[in-house]
Amino acid sequence: MAGSSTASDAIERGRALLHSIPWWAWLSAVVVGSATLRAVLARGIVAPFILVDELIWSELGRSFAEAGKPLLRDQASPGYSPVYPLVIGPVYALFEVLPTAYAAVKTLNAVLMSLAAIPAFFLARRVARDALALLAALLAVAIPSLAYTGTVMTENVFYPLFLAWALVLVLLLEWPTVARSVILLVLLGVAFETRVQAVALAPAALLAPLVLAIFERRSLRATVTRFRWLYGLSAALGVAALVGLLATGRTPSDLLGAYSPVGDRSYDAGRALRYLWWHVAELSLYVLVIPLAATIVLVARARRLDLRLQAFLAATVALIVCVVPVVAVFASEFSDRIEERNLFYVAPLLCIALVAWVERDGPRPRALAASAAAVSALLVVAIPFGRFITTSAMTDTLMLLPFWSFQDRVGHGWVLPAAALLAIGLAGAFLFVPRRYLVALPLLVLVLWILALRPIWWGTHGFERSARGALFQGIRVADRDWVDRALPPGAHAGFLWTGRTDRLTVNENEFFNRQVGPVYYVIDPTPGGLPETRVRIDPRTGRVTLDDGTPLLERYLLADSSFEPDGTPVARDKGWGVTLWRVNEPLISATRIDGLYPNDSWSGRKVTYLRRRCSPGRVSVSLSSDPSLFVEPQTIVARSNGRVVGRVRLRPEGRAVLSVPVEPVPGTNECRVAYTVTPTAVPAEVTGGQNPDPRELGAHFNLFAYRPTT
């Protein structure tokens with residue numbers, strides 16, 4: 001008995017010690033701990049992989065630091081939101097070396113997103129005691145989407161700003177004043193200048209008082225009178241915006257800046273409703289059923305609740321009703337995916353509703369609670385996992401990544417049953433956990449989010465591997481800033497993209513090298529819509545000009561091996577054959593390669609290599625095949641000046657290098673090598689239609705290199 005008493009006393013002393021620590025110390029620990037953990041994790045993200053988005057925000061941040069205005073590739077920004085670039089701009093001013101600046105930006109992101117715990121705490125504190133409010137703050141920084149701290153994305157600023165705006169909205173609903181109305185609208189403007197998505201907050205601000213009026217049984221006239229400053233100021237701002245648009249001849253969609261096509265597009269109602277259903281379903285999965293079920297119960301019983309909780313629920317309902325449809329309609333037309341990345345901001349509100357429900361001893365009226373649990377669970381089963389477990393989930397729908405990893409292990413057929421079992425288990429926990437242990441429910445959500453971190457961050461389809469893959473596709477050398485290291489001070493290098501290499505060779509190199517740019521293209525621009533300039537290469541002379549015929553004036557130029565200018569190589573990424581050249585003027589293409597398919601390294605049956613201004617030397621080409629198309633070795637024969645100068649056997653799963661001697665064609669300064677590949681294959685025929693490609697394919701001609709003998 002004495003031992004039991006001693007243990008009990010120790011527990012009581014421990015509790016007293018914990019309660020003696022003030023809430024602000026605990027909250028500070030949550031923020032600092034989260035920021036430290038996320039900063040450490042972000043070190044594993046070696047390169048941007050949400051492209052071109054991350055490139056855009058980094059370019060804008062650098063332009064604010066260097067020029068004091070928003071520029072993309074030295075041209076005026078088409079209207080991207082400036083707040084996040086302004087926030088990261090000082091980092092690019094402080095750190096000259098871009099890989100170092102990139103690491104510092106990710107650390108700053110970790111701090112910014114972790115600050116979301118503060119408004120989450122004060123929101124929760126209005127409807128629950130301090131201990132539960134701290135748990136809500138912890139949940140706010142444990143959500144899976146804090147993985148975006150490893151990316152150069154606006155989410156890092158918008159997330160804490162969104163929760164701060166929600167806090168002001170709740171305060172305004174509790175006690176409407178002029179000052180609170182002004183602060184709400186000012187923060188709305190800042191949020192809009194952070195992400196255009198904040199346009200959904202404007203109707204939410206106007207809707208929330210009406211929802212509260214329903215909860216309070218207040219008349220419409222009394223509600224409008226009570227919130228007259230909010231509605232009056234909003235109307236005045238709306239009129240001012242309309243007058244400004246009319247005066248400048250612009251349309252309302254122009255207010256969206258770079259995203260103005262969103263306002264000009266027509267939308268299919270049926271498709272939009274399907275995406276709305278899927279987004280609501282994925283939101284239930286994201287919060288793991290329990291917070292949504294608790295929110296449904298509280299909203300259904302809102303008229304019986306205290307005024308503070310009514311105000312919080314009114315704000316939550318208004319935000320969900322306005323944010324989710326905007327995201328879903330956008331996704332239905334522009335991305336064809338579940339845009340969890342634009343939706344996760346509302347998740348902490350549902351978690352706060354959960355702790356408020358726990359604070360009030362978890363009311364569970366039999367029919368209502370059962371219905372709330374069933375609806376929340378059935379929503380999860382309604383997700384078409386087979387449709388949305390794709391590469392887009394790696395950047396936009398993080399809560400699908402654990403299911404993707406599960407699918408890799410056991411097969412696609414088990415994903416839906418596993419999701420159903422999870423949803424049923426969570427719904428059962430909501431319904432049957434005893435009241436004395438209700439705090440276990442938010443803790444269960446916390447634990448499951450922590451477990452989801454592994455596949456989201458380190459899994460086969462997670463952030464770390466995506467970043468390493470993107471870097472591998474763009475840069476193969478050890479130093480990511482290899483171009484800046486090779487260029488003399490004050491010089492810059494244009495990048496000429498032929499389409500033969502992955503577009504990430506352009507994006508990654510300009511992300512990590514200040515002196516890379518402008519970007520030129522030969523056939524098609526790189527995806528993403530960034531400013532680029534088309535150039536033309538005269539097929540006879542190799543002369544490189546702009547569309548108007550003026551010569552391209554670049555002292556230094558980056559290009560892959562399919563474009564070799566007359567000049568001297570300064571540095572080379574051998575992995576992709578991207579070379580930094582000091583070019584001789586006028587700029588000409590010293591090489592011409594015929595027989596490769598556009599924007600591809602695949603050849604047909606014949607390939608011809610031409611070298612201008614050629615002296616005797618050797619031409620080497622790196623070759624590879626595809627075992628899914630060929631089962632026997634292929635033969636590649638090289639001919640120059642009418643004779644066979646080399647041949648190589650290429651195994652389907654292997655690689656080979658064919659190096660041959662060359663001499664100029666008599667009477668010219670040009671060397672020619674003609675390659676013949678046998679056999680060839682048509683994928684549509686070989687694979688029985690599984691690969692519909694109708695082209696006749698020979699081999700991958702990956703990298704050409706010419707070396708003079710003298």
Taking atom types as modelled, find out whether Gln197 and Tyr259 have a side-chain donor-acceptor pair closer than 3.5 angstrom. no
Do Thr154 and Arg195 have side-chain N/O donor and acceptor atoms under 3.5 Å apart? yes
Answer yes or no: are there more than 12 heavy-atom neighbours, outside Asn691 itself, under 6.0 Å from its atom CG? yes
Would you indicate whether the side-chain heavy atoms of Gln634 and Val677 approach each other to under 4.5 Å? yes
Please report whether the ring centroid of Tyr148 lies less than 6.0 Å from that of Phe463. yes
Verify side chain to side chain donor-acceptor pair (under 3.5 Å) between Asn509 and Arg480, making sure each step is shown before the conclusion. CA-CA 7 Å; Asn509 275 299; Arg480 291 167 291 178; over 6 Å; no
Measure from the ring center of Tyr675 to the ring center of Phe701 and say whether it is less than 6.0 Å. yes
May I have the step-by-step check of side-chain contact (heavy atoms from CB on, under 4.5 Å) for His700 and Trp602, ending in yes or no? CA-CA 5 Å; His700 285 291; Trp602 271 115; 3.1 Å; yes
Crowded around Arg250 CZ? As in, over 12 foreign heavy atoms under 6.0 Å? yes
Value rounded to 0.5 Å, distance of NE2 in His461 from OG1 in Thr395: 13.5 Å
Member of Gln515, Arg514, Glu554 meeting the side chain to side chain donor-acceptor pair (under 3.5 Å) criterion with His492: Glu554
May I ask you to decide if the ring planes of Phe162 and Tyr345 are parallel, tilted or perpendicular, using 30° and 60° as cut-offs? tilted
Measure from the side-chain N and O atoms of Asn109 to the backbone N and O of Glu155, and report whether any donor-acceptor pair falls under 3.5 Å. no
Does the side chain of Arg73 reach to within under 4.5 Å of the side chain of Gln75, using non-hydrogen atoms? no
